[in-house]
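This report refers to the structure that appears directly beneath it.
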There are 2 protein chains.
Amino acid sequence: MTSSVRRSGTKGVARADREQQILEVAGRVFGERGFAATSVADIAAAAGISKPLIYNYFGSKEGLFERCLREASSLLIGEIERSAALGAVGLARALATLDGVFRVLDDRTWPWRVANDPTAPVADAPGELMGAYRRRLEELAREGVGELLALSGADDALDLDAMTAVWSTVFGSLVTWWCDHPGMAPEEMSARCERLFGAVFGVSPDTDRTVPSG
Amino acid sequence: MTSSVRRSGTKGVARADREQQILEVAGRVFGERGFAATSVADIAAAAGISKPLIYNYFGSKEGLFERCLREASSLLIGEIERSAALGAVGLARALATLDGVFRVLDDRTWPWRVANDPTAPVADAPGELMGAYRRRLEELAREGVGELLALSGADDALDLDAMTAVWSTVFGSLVTWWCDHPGMAPEEMSARCERLFGAVFGVSPDTDRTVPSG
DNA sequence: TCGTAGTAACTTACCCGAGAGTCATATCGA
DNA sequence: TCGATATGACTCTCGGGTAAGTTACTACGA
């Protein structure tokens, strides 16, 4: 007579499957509480497995986080570069980028939260990855912002720098606001962004007024 | 013959003075590394005293942080309300508010960093304080944003909500960017903000175009 | 001008719990 | 029966918090 509760031993889950399952759960938990505030035991419990299994698969808490971060950043950067490659310019490009991000995060927002986790470790692999992710996004943002500033005749390097920082956080705050309102469809949020940009710039989005993306 | 290194016992510093000194040092360290990443021992070392003295004065790590946060939020909210009371409207009010914050933080930016520390505890007194600070700022921001949206005929409650979030982060990112560029004079940064707003809105600041503050 | 007692300021050396990480062992499918 | 999958029960370090003792300033009586 075997107990209904299996106490140890294989559960017949293949290594690759288990790995994916852990990554998905870990991403969700890291996304909710942040790296610093979640323990490996939390993740193990959420995944219905034991702590050593995680160490067996990922080596360390940082290693696990790094994998989540890698998935998150490649998902986001991939989407944003795809939107950029669409060829839209200015305001339209900004809206297309936002729309792409909303769609790719629909019903699975943890990649955004993980990629923007303020409690992520600064050193080692996660820190490098985070830095690379930020630099790439900033690069893309800088393009669009540069066009906008050039139009106004402003060519100060620090102005461009500051404006890029501002645009990045605008983009980020729209996505974060949407993440905090679960159940709102991507199209609905995209429409909202269009309205808001229209209200600020006083133009309709098909105008080729230059506005940053990314 | 007394040793040149005093090992324990009073150093002749009055309680009130010591308290102020610890608060200033703690604010700086909390501001640099964030609440979660700084230990009480770090602060003690930076202040040149021992850990128990901090507990004697402030009861707990959270208690110490709460005092720093209290000072920071009252400084910032005080300044922002003062700017609001100046009576400027729209873009001019936004610029006046930014200018006030730059001036009050000049050469002492930790209050901003502490008040915006993403690793601050969410529960208990610090959490309450942080929440109150955020709500107050949001209230002020909502005023100006509401005017702007009303102009465009947009009256959706969630639009207002999202736009308020965006404006708050724009404000925040300008201040944070400035904090990350030490040595830049408040007037210089204010001028920069004016240029940037001009580039975005395509208007000069004395236009009474409605734009949020706070 | 000296003890000397009282008190406020301060430190050393410790406790203790949380959480990262490890080891020996158990179970199962082929 | 062998190797892959899995776990219970540990160790160890870090950091918040404390108990108990040390030093110096002050007041005051002789």
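Every chain is numbered from 1, with letters handed out A, B, ... down the list of sequences.
Comparing B:Ala14 and B:Pro52 by the nucleotide of DNA chain C whose heavy atom lies nearest to each, the residue mapping closer to the 5' end is B:Ala14.
Side-chain atoms of A:Tyr55 lie closest to C:dT22 of the nucleotides D:dA6, D:dG17, C:dT22.
In the interface, the side chain of B:Lys51 is paired with the base of D:dG16 through a donor and an acceptor atom under 3.5 Å apart.
What separates CD1 of A:Ile49 from C1' of D:dA6 is a distance of 9 Å, to the nearest Å. Here D:dG17 presents its P atom at 15 Å from CG of B:Leu53, a figure rounded to the nearest Å. Between B:Asn56 atom CG and C:dT7 atom C1' there is a gap of 13 Å when expressed in whole angstrom units. Atom CD1 in B:Ile54 sits roughly 12 Å away from atom C1' in D:dG17 (whole-Å rounding). Following rounding to the nearest Å, A:Ile43 (CD1) and C:dA20 (P) show an atom-to-atom distance of 8 Å. In this structure, B:Phe65 places its CZ atom 14 Å from P of D:dG17, rounding to the nearest Å. For the pair B:Glu19 CD and C:dA8 P, the interatomic distance rounds to 16 Å; values are reported in whole Å. Between B:Lys61 atom NZ and D:dG16 atom C1' the separation is 8 Å, expressed in whole Å.
Aromatic ring orientation, A:Phe30 versus A:Phe65: perpendicular (interplanar angle above 60°, classes split at 30° and 60°). The aromatic rings of B:Phe171 and B:Trp112 lie tilted to each other, with the angle between the two planes from 30° to 60°.
Checking B:Leu64, B:Ile43, B:Leu53 one by one against B:Phe58, the side-chain contact (heavy atoms from CB on, under 4.5 Å) holds for a single residue, B:Leu64.
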**Prompt:** Stepwise, does the side-chain hydrogen bond (donor to acceptor under 3.5 Å, both in side chains) test hold for A:Glu32 with A:Trp110?
**Reply:** CA-CA 7 Å; A:Glu32 279 165 13; A:Trp110 71 254; over 6 Å; no
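Annotation for B:Asp17: atom CG counts as buried by contact number, over 12 foreign heavy atoms lying within 6.0 Å.
Note on A:Arg18: a side-chain N or O is less than 4.0 Å away from OP1 or OP2 of D:dA6. Listed pair A:Arg15 / D:dT5 meets the phosphate criterion, a side-chain N or O lying under 4.0 Å from OP1 or OP2.
Residue contacts shown for A:Ser39 are limited to sugar-phosphate atoms, with no base heavy atom under 4.0 Å away. Backbone-only engagement by B:Tyr57 is indicated by non-hydrogen atom pairs under 4.0 Å involving sugar-phosphate atoms exclusively.
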